[in-house]
Amino acid sequence: MTLRIAFDNSYARLPDRFHARLDPEPVPTPRLIALNRDLAAALGLDPQALTEPEGVAMLAGNALPAGAEPIAQVYAGHQFGGFVPQLGDGRAVLLGEVKDRHGRRQDIQLKGSGRTPFSRMGDGRAWLGPVLREYIVSEAMHALGVPTTRALAAVATGDWVFREDRLPGAVLTRVAESHIRVGTFQFFAARRDVEALRLLYEHTRARHYPETTTPLEFLRAGIARQARLIAQWMALGFIHGVMNTDNCHVGGLTIDYGPCAFMDAYHPETVFSSIDQHGRYAYANQPQIAVWNLAQFASTLLPLMGEDVNSAIEEATAAVHEFPDLYAAAWLERFRAKIGLAEARDGDAALIETLLGRMARQGADFTRVFSGLVRGAARDEFVEPEAWDSWAKDWTARLAAEGRDVATAQAAAARVNPLRIPRNHRVEEAIKAAVAGDLAPFERLCTALADPFAEIAEFADLEAAPQPGERVRATFCGT
Ligand code: AMP
Ligand code: MG
């Protein structure tokens with residue numbers, strides 16, 4: 001079987017200053033660790049061919065399929081608030097773009113594929129841990145209905161990567177509607193390269209916001225999408241961990257799964273990332289950070305927004321100021337659904353905040369309280385169950401106000417409150433086993449997370465919160 005891929009590489013056709021052309025660096029002994037067959041089929045690729053030597057060679061970067069035009073994309077970005085004028089794919093190459101079966105353009109990118117002109121001090125490689133982590137979590141996010149980059153495959157390289165230890169190397173094949181970041185716009189804005197900005201804007205508009213017709217509309221659509229995305233993260237207890245502008249996708253996808261994590265015990269100040277020492281990217285800060293990132297994005301578009309600088313600034317500022325209301329509405333919609341409300345009433349936000357406040361005070365497990373609500377078992381998640389009981393009284397009264405009984409609310413909430421999330425301790429357990437040569441826990445976790453809302457008896461153990469000894473407190477970028 002031969003691997004035929006109908007590439008159409010629109011980003012590679014942009015001028016040279018958008019990217020560096022280079023091939024991935026070959027690896028010694030590629031071995032397929034994971035293949036996302038459904039995604040392969042959705043991309044029009046033959047899953048079987050991807051498991052054969054020719055396919056694995058491509059997924060490892062050892063062979064280039066016909067039509068691929070590998071490039072590393074350049075971008076800039078604010079990292080923890082400080083502007084870095086040049087970043088870029090330091091350990092990734094975009095092989096090219098294909099149209100999926102819905103006619104949507106999708107990037108196929110290898111991550112961990114060797115050094116590029118943007119590697120700085122890095123080795124261009126990834127080790128198995130972060131590769132599997134991104135595979136598990138990005139696919140879980142997709143199954144949870146969150147816009148995200150996807151994972152097509154993971155390949156072990158047969159090489160060692162040197163971090164704090166000697167670790168097995170791996171390459172992830174990432175699929176995404178694009179890899180265009182706020183930082184990509186910043187790269188050209190910082191250089192006052194208005195021609196490139198205009199090309200990038202046109203390119204991004206066509207790919208992500210074809211319904212918009214002006215830079216202002218494009219900006220407003222981007223802001224609205226980001227507001228909805230962050231509300232989804234919040235409703236799942238997801239903490240991205242490194243919301244730098246280079247990790248902020250202009251199309252409103254979740255991108256760059258580094259030290260990300262789902263919270264176990266609910267607390268708004270939760271931080272996992274070992275490099276986030278001041279909690280800049282804590283759970284509760286995510287909406288504000290999004291505003292900050294979007295303000296950077298808005299400022300890159302100013303040169304495209306007409307001759308009158310003052311009115312451009314005014315319009316862009318007003319657009320950014322729309323975020324809080326858009327976000328609040330999206331947040332409320334998500335959390336209303338989580339407690340099974342169909343209608344919007346005054347006081348709903350306060351009702352939800354009261355529950356969250358009690359969860360925070362008692363360290364209740366975020367996911368289990370809401371899945372417990374569905375099953376009538378939420379009170380078990382509270383150290384002092386009366387805290388739940390008194391809230392549940394108000395909740396029942398609120399349901400009655402819209403003529404809903406508890407059972408109906410529970411059935412509705414079951415569609416949005418997952419039973420299973422990729423809990424840190426489970427992800428780490430799967431990685432540890434994989435490093436030791438056992439892929440079974442990784443595969444089991446992926447299967448269990450592919451349908452996170454369904455009751456599946458054999459995966460009941462994966463619903464459990466970590467025991468005190470299992471609790472993971474810090475996550476790492478893994479770079
Ligand atoms: P991240 O924190 O993963 O978003 O990465 C920030 C920047 O560092 C990006 O430009 C990456 O391409 C680059 N980078 C991360 N890890 C490596 C690595 N092992 N080798 C080269 N570049 C890297
Ligand atoms: Mg990044």
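Quantities reported herein were computed from a predicted structural model and do not represent experimental measurements. All ligand and atom numbering here is 1-based and tracks the order in the structure.
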Legend entry - N, O or S of Asn244 under 2.8 Å from the Mg ion (ligand 2): no

Legend entry - Residue Asp256 vicinity, atoms of ligand 1 by number, heavy atom under 4.0 Å: 4 (O)

Inset, instruction - Using a strict 4.0 Å cut-off to heavy atoms of Arg120, name the atoms of ligand 1 that fall inside it. - result: 7 (C), 8 (O)

Inset, instruction - Return the option from Gly90, Ala76, Gly88 holding the heavy atom at the smallest distance from atom 9 (C) of ligand 1. - result: Gly88

Inset, instruction - Would you mind finding which of Asp89, Asn247, Leu87, Val84 brings a heavy atom closest to atom 2 (O) of ligand 1? - result: Asn247

Inset, instruction - State whether Arg166 and Asp159 are salt-bridged, where the test is any N-O pair (Lys NZ or Arg NE/NH1/NH2 against Asp/Glu carboxylate O) under 4.0 Å. - result: no

Inset, instruction - Could you tell me if the ring centre of His203 sits under 6.0 Å from that of His208? - result: no

Inset, instruction - Within a distance under 4.0 Å of any heavy atom of Arg125, pick out the atoms of ligand 1 and give their elements. - result: 19 (N)

Legend entry - N-O pairing of Asp8 and Lys99 below 4.0 Å: no

Inset, instruction - Check the pair Asp193, Arg198 against salt bridge (Lys or Arg N to Asp or Glu O under 4.0 Å), reporting the backbone distance first and the verdict last. - result: CA-CA 9 Å; Asp193 186 344; Arg198 195 174 303 281; over 6 Å; no

Legend entry - Lys/Arg-Asp/Glu bridge criterion (N-O < 4.0 Å) met for Glu25, Arg125: yes

Inset, instruction - Below 4.0 angstrom from a heavy atom of Gln79, which ligand 1 atoms are there? Numbered from 1 as shown, please. - result: 6 (C)

Inset, instruction - State the atoms of ligand 1, each with its element, that fall below the 4.0 Å cut-off from a heavy-atom position in Arg163. - result: 19 (N)

Legend entry - Under 2.8 Å: N/O/S of Asp256 next to the Mg ion (ligand 2): yes

Legend entry - Phe118 contact mode with ligand 1 (heavy-atom cut-off under 4.0 Å): neither

Inset, instruction - Report, in ascending order of atom number, the atoms of ligand 1 lying under 4.0 Å from any heavy atom of Gly124. - result: 18 (C), 19 (N), 20 (N), 21 (C)

Legend entry - Donor-acceptor pair between Gln109 and Thr173 side chains, under 3.5 angstrom: no

Legend entry - Ion pair Glu195/Arg17, N-O distance below 4.0 Å: yes

Legend entry - Pair Glu217 + Arg205: basic N to acidic O under 4.0 Å: no

